[in-house]
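In what follows, a structure is listed as structure tokens, so that the remarks can point back to it.
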Amino acid sequence: MSNKESLNFVEIEVEKDLESGRYDGRVHTRFPPEPNGYLHIGHAKSICLNFGLGEKYGGKTNLRFDDTNPVTEDTEYVDSIKKDIQWLGFEWDNEAYFASDYFDKLYEFAVRLIKKGKAYVDDSSAEEIAKMKGTPTEPGVNSPYRDRSVEENLRLFEGMKNGEYEDGSRILRAKIDMESPNMLLRDPNMYRIKRATHHRTGDKWCIYPLYDFAHGQSDAIEEITHSVCTLEFKHHRPLYEWFIEQLEIYPSRQIEFARLNLENTIMSKRKLLQLVNEKHVNGWDDPRMPTISGMRRRGYSPAAIRNFCDRIGVAKRDNVIEFALLEFSVREDLNKVAKRVMGVLNPVKLVITNYPEGKTEEVDIDNNPEDPNAGTRTMPFSRELYIEREDFMEDPPRKFFRLGPERNVRLKSGYIITCTDFDKDPETGEITEIRCIYHPDSKSGQDTSGIKAKGVLHWVSVEQAVPVEIRLYDRLFSDPNPGGHGDKDFKEFLNPDSLEILNTAFVEPSLKDAELGEHFQFMRKGYFCLDPDSSDDKLVFNRTVGLRDSWAKKNKK
RNA sequence: UGACCCAUGGUGUAAUUGGCAACACAGCUGGUUUUGGUCCAGCCAUUCUAGGUUCGAGUCCUAGUGGGUCAACCA
């Protein structure tokens with residue numbers, strides 16, 4: 001198969017099956033989300049794994065919605081999930097499938113099991129069943145309803161389907177072994193009565209299969225070869241296989257891998273939903289969310305996310321990935337594609353006293369030094385500019401390469417300037433204006449001045465500057481493992497400074513034509529993208545991720 | 001006080017299935033640079049512990065230790 005490159009353990013298992021001819025050389029995987037929330041980066045790992053397997057071995061991958069619990073599921077989620085998978089760049093086989101498409105078949109499977117004497121209707125309450133189940137260290141006991149006749153079970157199960165009984169009054173269980181050390185084999189529930197409107201089947205059904213009697217059966221119906229899921233389902237495997245054996249259906253094989261955990265975030269859909277509902281964030285696609293839609297809005301690219309998923313690998317041990325690895329993947333991709341532009345986040349005015357008033361010249365600038373084909377554009381340069389407030393120091397240390405009294409610095413793609421003077425608010429100590437002279441023979445590309453300038457600053461011409469709103473993001477949680485403090489609620493670790501809004505920023509005029517989905521690098525400041533909140537009279541930019549900043553790092557120490 | 005799974009640098013993943021512990025990220029040095037970005041070079045591990053098998057163990061065996069999962073009419 002594949003020779004030199006190392007395989008993950010799932011691929012190794014798949015290749016073994018390919019060699020043994022177990023599935024006639026077929027590889028057919030599936031990605032089975034429940035439509036009860038938006039997809040997150042953990043799902044991205046699963047998507048990349050499942051669709052990656054399909055692509056790598058010339059097979060196919062189904063998208064199947066595991067929609068067997070109508071009370072939490074909704075078509076809004078179906079739509080968002082489809083969009084996210086496509087955006088990541090994957091294509092599922094045929095139309096999307098739904099477990100709910102198989103409700104008739106599943107009902108028939110259940111009847112088949114009853115006829116074999118392998119399933120029975122239990123009239124016990126949920127509490128009674130739980131009690132009879134025992135504990136991990138104590139065996140369970142048989143239900144008094146366990147030995148009903150096949151005929152009675154058939155009649156009762158049909159009654160359940162026909163809505164003759166109340167919700168929760170009866171349940172269909174598999175008859176396996178109440179003393180099994182594996183709790184899941186202690187007569188697991190198969191079908192419950194639940195009068196709820198399903199997002200696709202409406203009110204047709206009042207009984208719905210549970211996970212263990214839907215998932216594996218759906219795999220079999222679709223003739224899935226490798227059913228890849230996360231570690232929590234390990235204990236379900238014997239049950240998964242028991243049903244296959246009893247029903248004599250397609251023998252799909254379940255393989256479990258360790259789910260992704262990311263520092264400073266949570267991956268639980270339930271908790272993410274809570275953040276949305278309680279308005280701790282502005283929706284599922286809030287750029288601080290670990291959702292695919294949030295990351296998209298934040299400016300992460302599909303390639304960045306896929307590369308990240310490649311890098312983290314697939315194994316069986318619990319893992320916590322450092323956020324820095326995700327950010328590396330984002331920078332790595334954006335560095336190649338992002339157009340370099342200028343934006344001043346915290347402006348201070350710079351006046352070039354020896355530059356003619358009213359004059360404007362267009363200076364040339366590279367769109368992307370990493371991409372020779374990206375071309376160049378021009379930017380207006382004039383007497384009054386905005387520069388970054390933090391690029392000036394009244395009394396700078398030796399290693400500060402930026403502007404200070406009598407210091408030289410180059411204005412990127414423009415001229416070298418020498419600072420001559422500055423104004424300061426006597427009350428606040430804030431610098432209000434900086435004055436300098438420029439050296440006309442130092443123009444970028446035709447510099448004959450011989451002047452040295454260690455620092456290079458970005459800038460925007462005041463007259464043409466476009467005022468914009470800038471949104472800066474930080475980790476949503478200040479704790480590396482917000483969900484891992486059993487006694488404390490994860491929301492206690494929400495980072496109060498995860499969103500910072502800047503309302504006095506300016507960007508170069510070319511950004512008036514910025515489009516949604518475009519990636520920009522604001523030089524020396526990071527990667528940015530236009531936010532959908534933008535309107536014609538107000539542009540909003542999200543900072544996707546900052547640039548690596550060894551100067552800031554050095555100063556922190 | 002059960003069953004099952006897992007254990008390799010700060011993090012994650014490898015190691016031709018018993019043959020010199022590799023790659024990436026992070027960190028630290030230095031170089032290049034009209035982005036303190038990118039890029040380039042260098043540094044950073046006696047594989048949880050203790051026994052055993054073997055010429056040879058990260059890999060096999062035994063025992064321990066540590067972590068995870070399992071008792072929803074959720075998936």
Side-chain angles (χ1 to χ4, degrees), chain A residues 3-8 32-34 36 66-69 71-73 122 125-126 129-131 133-140 167-173 180-184 186 189-194 207-208 210-212 214-215 229-238 256 258 260 263 269-270 310-329 331-332 335-336 340 342 365-366 369-370 399-402 409-414 416 444-445 447 453-458 521-527 546-555:
Chain A
N3 21 11
K4 211 61 194 167
E5 125 249 32
S6 73
L7 305 172
N8 65 50
E34 183 188 11
N36 67 345
D66 224 337
D67 55 349
T68 57
N69 184 11
V71 303
T72 56
E73 296 157 5
D122 196 325
S125 69
I129 288 178
K131 197 183 279 177
K133 207 146 230 171
T135 71
T137 55
E138 299 162 289
D167 284 16
S169 62
R170 286 190 162 87
I171 193 157
L172 184 72
R173 302 176 72 181
S180 171
N182 182 345
M183 300 285 294
L184 287 156
R186 324 243 261 229
N189 299 162
M190 292 167 58
Y191 258 98
R192 79 282 216 181
I193 306 173
K194 183 177 279 206
I207 57 171
Y208 294 96
L210 281 129
Y211 171 83
D212 287 304
H215 196 102
C229 62
T230 47
L231 249 30
E232 322 79 273
F233 294 98
K234 177 89 182 167
H235 301 279
H236 293 249
R237 194 161 82 211
E256 312 86 9
L260 165 67
E263 276 188 352
K269 273 198 275 184
R270 202 196 90 245
D310 272 352
R311 258 189 274 261
I312 58 177
V314 177
K316 277 193 273 206
R317 59 176 137 157
D318 293 330
N319 59 84
V320 185
I321 308 290
E322 289 177 343
F323 213 88
L325 186 62
L326 214 207
E327 295 190 327
F328 168 80
S329 298
R331 291 193 189 103
E332 176 194 44
N335 177 50
K336 291 183 290 194
R340 269 58 172 178
M342 299 217 207
I365 181 166
D366 283 335
E370 299 296 312
K399 298 295 271 282
F400 187 78
F401 304 151
R402 309 176 190 180
V409 81
R410 173 173 292 282
L411 294 170
K412 173 73 187 174
S413 298
I416 291 176
S444 196
D447 182 359
K454 180 81 177 158
V456 179
L457 305 188
H458 62 284
Q521 185 197 98
F522 287 13
M523 282 219 253
R524 306 208 303 135
K525 291 279 95 180
Y527 295 98
L547 257 26
R548 264 186 61 196
D549 190 346
S550 50
W551 169 245
K553 202 178 287 171
K554 189 178 285 185
N555 280 284

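Chain identifiers are assigned alphabetically (A, B, ...) following the order of the sequence lines, protein sequences preceding nucleic acid strands; residue numbering begins at 1 within each chain. Hydrogens, waters and symmetry mates are skipped; everything else that's a heavy atom, side chains included, is used.
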(request) For B:A72, give its Watson-Crick or G-U wobble partner with both distances under 3.5 Å, or none. (result) none
(message) Tell me whether the ring of A:Trp551 lies stacked over the B:G36 base, given a 5.5 Å limit on centroids and a 30° limit on the plane angle.
(response) yes
(request) Would you classify A:Pro33 as touching base, sugar-phosphate or nothing, given that sugar-phosphate means primed atoms plus P, OP1 and OP2, and contacts are heavy atoms under 4.0 Å? (result) nothing
(request) Could you please name the option among B:C73, B:C28, B:A75 that lies closest to any side-chain atom of A:Tyr211? (result) B:A75
(request) Hunt down the Watson-Crick or G-U wobble partner of B:C28, both distances under 3.5 Å, from any strand shown, or write none. (result) B:G42
(request) Name the pairing partner of B:C60, where a pair is Watson-Crick or G-U wobble with both distances under 3.5 Å, or state none. (result) B:G52
(request) Would you indicate which nucleotide in B:U34, B:A75, B:C73 comes nearest to any side-chain atom of A:Phe233? (result) B:A75
(message) Quick check for you: among B:G27, B:A75, B:G36, whose closest atom lies nearest to any side-chain atom of A:Asp66?
(response) B:A75
(request) Using a 4.0 Å heavy-atom cut-off across all strands, classify A:Arg410 as base, sugar-phosphate, or nothing. (result) base
(message) If I pick the P atom on B:C55 and the same atom on B:U47, what distance separates them, to the nearest angstrom?
(response) 22 Å
(request) Calculate the interatomic distance between A:Phe401 atom CZ and B:G37 atom P; express it in whole Å. (result) 10 Å
(request) At under 4.0 Å between heavy atoms, which parts of nucleotides 10-23 of chain B does protein reach? Answer with one letter per nucleotide, 5' to 3': B base, S sugar-phosphate only, - none. (result) BSSSS---------
(message) Strictly below 4.0 Å: does A:Lys234 bring a side-chain N or O up to OP1 or OP2 of B:G68?
(response) no
(request) Calculate the interatomic distance between A:Asp310 atom CG and B:A24 atom P; express it in whole Å. (result) 15 Å
(request) Look through every strand shown and name the nucleotide pairing with B:A15 as Watson-Crick or G-U wobble, where both distances are under 3.5 Å. (result) none
(request) Looking only at side-chain atoms of A:Val456, point me to the closest of B:G37, B:U1, B:U34. (result) B:U34
(message) If you go through the side-chain atoms of A:Thr137, does one of them form a donor-acceptor pair with the base of B:U1 closer than 3.5 Å?
(response) no
(request) Using only heavy-atom distances, decide whether a donor-acceptor pair under 3.5 angstrom links the side-chain of A:Arg340 to the base of B:U35. (result) yes
(message) Apply the syn/anti split at 90° from 0 to B:U69 and say which one it is.
(response) anti
(request) Would you mind pulling out the nucleotide paired to B:U34, Watson-Crick or G-U wobble, both distances under 3.5 Å? (result) none
(message) Let's test this: given Watson-Crick or G-U wobble pairing with both distances under 3.5 Å, identify the partner of B:A7.
(response) B:U65
(message) From CG of A:Leu231 over to P of B:C5, roughly how many Å is that when rounded to an integer?
(response) 11 Å
(request) Would you mind classifying the nucleic acid contact of A:Arg402 as base, sugar-phosphate or nothing, using non-hydrogen atoms under 4.0 angstrom? (result) base
(request) Figure out the CZ/C1' separation between A:Phe328 and B:U38, and round it to whole Å. (result) 11 Å
(message) Please give the distance between the C1' atoms of B:A50 and B:C28 as a whole number of Å.
(response) 36 Å
(message) What is the distance, to the nearest angstrom, from the CG atom on A:Asn335 to the P atom on B:G37?
(response) 12 Å
(request) Go through B:G36, B:A26, B:A3 for me and flag the one nearest to the A:Asp549 side chain. (result) B:G36
(request) Remember a base hit wins even if backbone is also touched, and classify A:Glu256 as base, sugar-phosphate or nothing at under 4.0 Å, heavy atoms. (result) nothing
(request) Using modelled atom types only, decide if a donor and an acceptor are shared between the side chain of A:Asn555 and the backbone of A:Trp551 within a distance under 3.5 Å. (result) yes
(message) Using whole Å, what does the distance between atom P of nucleotide B:G31 and atom NZ of A:Lys454 come to?
(response) 9 Å
